[in-house]
Number of protein chains: 2
Amino acid sequence: MANIQQIARKAGVSVATVSRVLNNANLVTPQTRSKVESAIKELNYEPSMLGRNLRNSESRLMLVLLPSISNPFYNEIINGIQNTAIANNYNILLCETDSKAERENIYLNMIKNKLADGVISMDPTINMEKLNELAENHPVILCSEYEEGGSIPYITTDSELAAYQAVKYLIQLGNEKIALINSDEKFLYARLRRAGYERALKEFNLPIRDQWIYHTKDLEFQDGVQAMRMLLQLEERPQAVFAVSDTLAIGALKALNSGVQAFESIAVVGFDNISFSNMTNPTLTTVSQPMYKMGCLAANMLMSSIKGEKVENIVLDHELIIRESTMG
Amino acid sequence: MANIQQIARKAGVSVATVSRVLNNANLVTPQTRSKVESAIKELNYEPSMLGRNLRNSESRLMLVLLPSISNPFYNEIINGIQNTAIANNYNILLCETDSKAERENIYLNMIKNKLADGVISMDPTINMEKLNELAENHPVILCSEYEEGGSIPYITTDSELAAYQAVKYLIQLGNEKIALINSDEKFLYARLRRAGYERALKEFNLPIRDQWIYHTKDLEFQDGVQAMRMLLQLEERPQAVFAVSDTLAIGALKALNSGVQAFESIAVVGFDNISFSNMTNPTLTTVSQPMYKMGCLAANMLMSSIKGEKVENIVLDHELIIRESTMG
DNA sequence: AATCAAATTGTAATCGATTACAAATGGCTT
DNA sequence: AAGCCATTTGTAATCGATTACAATTTGATT
């Protein structure tokens, strides 16, 4: 791989001139420019980002942290981030932490090391202490999951309200015994969705029963299957189920499908509107967040932050998408 | 962010000594080592990868190219790549090309620019000419999709054989009218799976009818729905369907579910064994590839290639997973 | 032709690390 | 105490780009 010196020698100019051509400074004569350009073409030269970044301390790369790409919830957000980034001459790198601290560290170090200019974290499992420390000196944006009262700018939706509305809808359909399939409440979204669930029940004077609240270990389909099986074994079976994630809700539907006919009338509501939620049988009623938009805005926030501008938090609207799983 | 000079000054030693401490060369006295280490801690220093990589021309980063993370087929492969990479002190960056040449270029340039040491491409839409050119001077591995007769090392499964076996299985169930939902045949896997489909039909003297071969534009669920709808409108409806991807097969199942009862006896076989395929109703019969293993081996191949070793192509075994969608 | 300002090009420092080689230190023998 | 070798540390070049400043060229004006 040729370097800038070789181009300079070949073109019979100095490295400064080559650099000027590369960065289209317009103080180069057309003749020299074309000499340099043909040398570049001839030697098949690509400027080294390492050299350039080292000098400029800028990489035009943004990191996107997520726990796992297997949750399709992230798909559209990532599309939004990516399209916005590319439109602004940035690139993104997807970093799957698998909820492991060691991986997290690796990626956060890339920021400290100037290998990337900033980070958008969608990882609820991230170590907030470390992230806050990083955020003191580097651009960081939280997307979807955030820290209450924290100082890192975030973009999210109102999980509590969405959960409240979803459960209220189930109540208005005539259900009184409503179960919650929640994930680990160490996550803010889990606590908020539970709060919304409880608010709706309280408002209608329905009891909140611990045995109807199931906590899953993960967000895989199988966790939803297990949760639903457990709920079906209860003496007093719930009439409806609100799951905090589509993956869990789809697992729950599966458990209902595989059981006896009588179970088919149990209503299920999910959260996220992943693309698969429209392919299940019955199709899944779910809360939809404007994920693509969220991604776009998150990218914009990060770019502002990189420029040194102050950025405000954003809370986007959601929407309840009613499908077959709540139609009896 | 502190740099190596400041550490050296603080610790009262030279930069060379600091560097030696960082790279645990064991020719540093315990006393100096601890002086340096406490300076590092005090100034919260992290060595710059830019400086280091520029000097060493090594980044210990591998790129993973894929067209889109929305196809869950890639999930397990990525896990395999990532775990293997991390175990060997490498990191991976997921690069979604969205099948766009411009994005492809960006990522391939990262390799040329030494920002990453090598690339594993799982992108069937990649520009092979460019990739071949890159492969002349840089480590490149193809995973899953490969180039017939090409010179880039690959790891894959035998798509033709898998398709042949899947269709043969449908025939042995008593089906004679078997449709193929294929993607664009510009992709090798699509051509191979079609060949397998045709081989099975020919072997049993069944006609190959063009109207039973549908080509989708993409691999989204909706493409499968559309394909199936089309097939159902034919005068002579197929009795069974082989789809070259689970996403398409799941869409096809959805189209069957939403139709009249009579359609429910149409058998469907997919390809990939994505995690959804076990959540549909009926659950999907599909071809399973050892994806995790494929990822691990691909990472190993790339690391060998980075070391300058010659690597051999690998063809892994597959397996037909029989579930409800072919049980009538 | 001489002068001068503007436009173009070149020189060399710089970013932050690694490392070959040189220099200094320490310990041991005589 | 001198000499010698082994161990430890320091100096300075290097990777590949950018850019302030210096030097040169160009062309217009007198």
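Here is the naming used below: chain letters follow the sequence lines, and residue numbers restart at 1 for every chain. Just the heavy atoms: all of them, side chains too, but no hydrogens, waters or symmetry mates, feed the values below.
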Contact class for A:S19 (heavy atom, under 4.0 Å): base, sugar-phosphate, or nothing?
base
Provide a list of protein-nucleic acid N or O atom pairs under 3.5 angstrom, restricted to nucleotides 6-8 of chain D.
unit_1, atom_1, unit_2, atom_2, d
D:dT8, O3', B:T29, OG1, 3.1

Distance in Å, A:S59 OG paired with A:D117 CG, rounded so as to fall on 0.5 Å steps:
3.5 Å
Phosphate contact (C:dT18 OP1 or OP2) by B:N23 side-chain N/O below 4.0 Å
yes
Reckon A:E46 touches a base, only the sugar-phosphate, or nothing at all at heavy-atom distances under 4.0 Å?
sugar-phosphate
N or O in side chain of B:N3 less than 4.0 angstrom from C:dC15 OP1/OP2
no
With a 4.0 Å cutoff (strictly under), does any side-chain N or O of B:T17 reach OP1 or OP2 of D:dG10?
yes
Could you tell me how far apart B:I4 (CD1) and D:dA12 (P) are, to the nearest whole angstrom?
17 Å
I want to verify a distance call: between C:dT18, D:dT19, D:dG16, whose nearest atom is closest to the A:A16 side chain?
D:dT19
Could you go through residues 126-133 of chain B and list every donor-acceptor pair under 3.5 Å that involves a side-chain atom there, pairing it with any protein atom two or more places apart or in another chain?
unit_1, atom_1, unit_2, atom_2, d
B:N127, OD1, B:E129, N, 2.9
B:N127, OD1, B:K130, N, 3.1
B:K130, NZ, B:N105, OD1, 3.0
B:N132, ND2, B:M128, O, 3.1
B:N132, ND2, B:E147, OE1, 3.3

So what does B:N53 touch, heavy atoms closer than 4.0 Å: a base, only the sugar-phosphate, or nothing?
nothing
Between the base of D:dG10 and the side chain of B:R20, is there any donor-acceptor pair under 3.5 Å?
yes
With a 4.0 Å cut-off on heavy atoms, is B:L50 in touch with a base, just the backbone sugar-phosphate, or nothing at all?
nothing
Would you say the base of C:dT18 and the side-chain of B:R52 have a donor-acceptor pair closer than 3.5 Å?
no
Inter-axis angle, terminal five-pair segments of the helix from C:dA1-D:dT30 to C:dT30-D:dA1 [nearest 10°]:
60°
Given C:dG16, C:dT18, D:dT18, which nucleotide is nearest the side-chain atoms of B:L22?
C:dT18
Rounding to 0.5 Å, atoms CD1 (B:I81) and OH (B:Y90) come to a distance of 14.5 Å
